[in-house]
S.K.: 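Here it is, the structure in full.
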There are 2 protein chains.
Amino acid sequence: MSEVVNLSRKEQVIRKAAELFKEKGYAAASMRDLAQKLGIEAASLYSHIKSKEEILHTLCFDMAAEFRRSLESVEKEQNLTASEKLQKGIIGHIQVMAKDLTASAVFMNEHRHLSQPSLRDFLLLRINYINRFKTMIEEGVAKGEFKSTIDKKLAVMTLFSSLNWMPMWYDPDAAIEPEDLGRQLADMLVNGLRKDK
Amino acid sequence: MSEVVNLSRKEQVIRKAAELFKEKGYAAASMRDLAQKLGIEAASLYSHIKSKEEILHTLCFDMAAEFRRSLESVEKEQNLTASEKLQKGIIGHIQVMAKDLTASAVFMNEHRHLSQPSLRDFLLLRINYINRFKTMIEEGVAKGEFKSTIDKKLAVMTLFSSLNWMPMWYDPDAAIEPEDLGRQLADMLVNGLRKDK
DNA sequence: TTAATTTTTAAATTGGCGTTTAGAAAATTT
DNA sequence: AAATTTTCTAAACGCCAATTTAAAAATTAA
């Protein structure tokens, strides 16, 4: 009945589970697979976690909390143009992702296997997060910094799609740093591909 | 042993399967679920399809063929600027998607459950498709139409991510037409959000 | 109305799933 | 060294999975 420093083994289980969930998908990943990856029997897992879904819950909500924290710190900053705010929001998101690409992939692809009421809670967090990016874009339009003709929903979904897919192709060993990547994505979104005249 | 006009019931099965796979994910969707949706017993399905995976295979490769066809017809056109080509490629992709949003969602999210060698074949088709969009962007850079500073991989992945996520949020009953949506996405990508001075 | 074909079913097969239980082994604390 | 806690295991439970088989029912064609 100790509650402290119990983390080490449990975290090991969760990290390996993240790898497995990313690789095979939550539904296709079995607890026996997971146990084998850890070199133990499936039954042993249950000394560390309550259920398969608890692992998914932990992965999804921990990531959500980090994304939220990152966005909040950007929102607190003052005297930023809409472009700057957007850029910082994007960079923050990518930095959070880059810290754990595996968990990020699970967060993005597997959250739908959460059961109620967790699923509802998760989706609420997500829609809230997206809306806060949408607000940044709307502020940009209101201030005359962004075109008023743009479809805001399209803009924010494009941004969010792009962020969400990054864990699929971003190579952390490659030359490019999360901050650079974020800067470039923000630049592309704000200024486009077209060469200035 | 008839081979003709057998399509009707089989297609019905495949369409319902697409809905189910989109909703629950391939691995979590059972043949019993599917049968129930059709009002028959699970065993009856096997008069129409060979296996669960055959359904997934059909859905994924049929969509892939349609995307390919669409892109090829754009590539054939001549005397287009890079922006125009990109725009037409994007519009084509969205039109194909809009014709069957359910199958598109399966194509995007569930293809990874294909087993070898189908999975390999599918991924080859996909990388080829992406590379053809990348070529469009590179041509734009080569002609001086696009900035030379852009990260081409980032650009094409952003585009592709955005296209891939559309079936998740695009509402076919909403006011916006696939062609308009494509035009706007292309405009955002090429010209950015920033207001022209 | 037969004959042929398509569609469906009940029943079984084989196998994997998440999880529980009772307790052994190993590691840690006292 | 003894006591406590953590980690692990073998064995089982009940359930659900995809698929096969042989045959019945429904539909279509001759």
Side-chain angles (χ1 to χ4, degrees), chain A residues 1-60 106 110-116 118-119, chain B residues 1-60 106 110-116 118-119:
Chain A
M1 282 169 212
S2 90
E3 301 272 333
V4 213
V5 205
N6 191 6
L7 299 175
S8 168
R9 195 64 172 139
K10 180 169 185 175
E11 278 186 341
Q12 232 177 305
V13 168
I14 291 175
R15 292 190 72 80
K16 275 270 184 266
E19 289 173 25
L20 193 67
F21 293 172
K22 177 183 182 180
E23 196 186 309
K24 301 188 137 197
Y26 177 78
S30 79
M31 296 300 272
R32 285 169 174 85
D33 284 342
L34 175 55
Q36 197 180 19
K37 269 207 162 200
L38 289 158
I40 59 178
E41 295 299 314
S44 310
L45 295 168
Y46 291 84
S47 303
H48 309 292
I49 49 104
K50 283 212 298 286
S51 66
K52 187 185 179 186
E53 186 168 340
E54 188 205 35
I55 302 176
L56 182 62
H57 188 282
T58 302
L59 286 167
C60 289
V106 173
E110 310 301 331
H111 67 259
R112 65 161 149 178
H113 293 107
L114 289 167
S115 58
Q116 301 292 5
S118 299
L119 180 56
Chain B
M1 280 170 214
S2 92
E3 302 271 333
V4 213
V5 204
N6 193 4
L7 299 177
S8 168
R9 195 66 171 136
K10 181 168 185 175
E11 278 187 340
Q12 231 177 306
V13 168
I14 291 175
R15 291 190 73 81
K16 274 271 185 265
E19 289 171 26
L20 193 67
F21 293 172
K22 177 182 182 180
E23 195 187 311
K24 300 186 136 199
Y26 177 78
S30 79
M31 295 302 271
R32 286 168 175 83
D33 285 342
L34 175 55
Q36 198 180 19
K37 269 207 162 200
L38 289 157
I40 58 179
E41 294 299 314
S44 310
L45 294 168
Y46 292 86
S47 303
H48 309 291
I49 51 102
K50 284 213 298 286
S51 67
K52 186 185 181 186
E53 186 169 341
E54 189 205 34
I55 302 176
L56 182 62
H57 188 281
T58 302
L59 287 167
C60 289
V106 173
E110 309 300 332
H111 67 259
R112 64 159 149 178
H113 292 106
L114 289 167
S115 59
Q116 299 294 2
S118 299
L119 180 57

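Heavy-atom basis, side chains included; hydrogens, waters and symmetry copies ignored. Note on naming: letters A, B, ... go to the chains in the order of the sequence lines (proteins, then strands), and numbering restarts at 1 for each one. Everything numeric here is computed off the predicted structure, so don't read it as measured data.
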S.K.: Do NZ/NE/NH1/NH2 and the carboxylate oxygens of A:E54 and A:K10 come within less than 4.0 Å?
M.R.: yes
S.K.: So B:I49 and B:M31, side chain to side chain contact (heavy atoms under 4.5 Å, CB included) or not? Walk me through it.
M.R.: CA-CA 11 Å; B:I49 51 102; B:M31 295 302 271; 3.7 Å; yes
S.K.: Side chains of B:R9 and B:I40: does their closest heavy-atom pair fall under 4.5 Å?
M.R.: yes
S.K.: Let me know the distance between CD1 of A:I40 and P of D:dC8, rounded to the nearest Å.
M.R.: 5 Å
S.K.: Rounded to whole Å, please give me the gap between CG in A:L56 and P in C:dG18.
M.R.: 13 Å
S.K.: With A:E23, which residues qualify under side-chain hydrogen bond (donor to acceptor under 3.5 Å, both in side chains), at least two apart?
M.R.: none
S.K.: Treat primed atoms plus P, OP1 and OP2 as sugar-phosphate and everything else as base, then score nucleotides 12-21 of chain D 5' to 3': B for base contact with protein heavy atoms under 4.0 Å, S for sugar-phosphate contact only, - for none.
M.R.: B----BBBB-
S.K.: Does a side-chain heavy-atom distance below 4.5 Å link A:E53 with A:Y26?
M.R.: yes
S.K.: Using whole Å, what does the distance between atom C1' of nucleotide D:dC8 and atom CG of A:L34 come to?
M.R.: 15 Å
S.K.: Nearest whole angstrom, please: distance from the C1' of C:dC17 to the NE2 of A:H113.
M.R.: 15 Å
S.K.: Give me the atom names and distance for the closest heavy-atom approach of B:L38 to B:K16.
M.R.: CD2-CG, 3.6 Å
S.K.: How many whole angstroms separate atom NE2 of A:H48 from atom C1' of C:dA27?
M.R.: 13 Å
S.K.: State whether B:S44 places a side-chain N or O below 4.0 Å from either non-bridging phosphate oxygen (OP1 or OP2) of C:dT9.
M.R.: yes
S.K.: What is the distance, rounded to the nearest whole Å, between atom CD of A:E41 and atom C1' of C:dG23?
M.R.: 15 Å
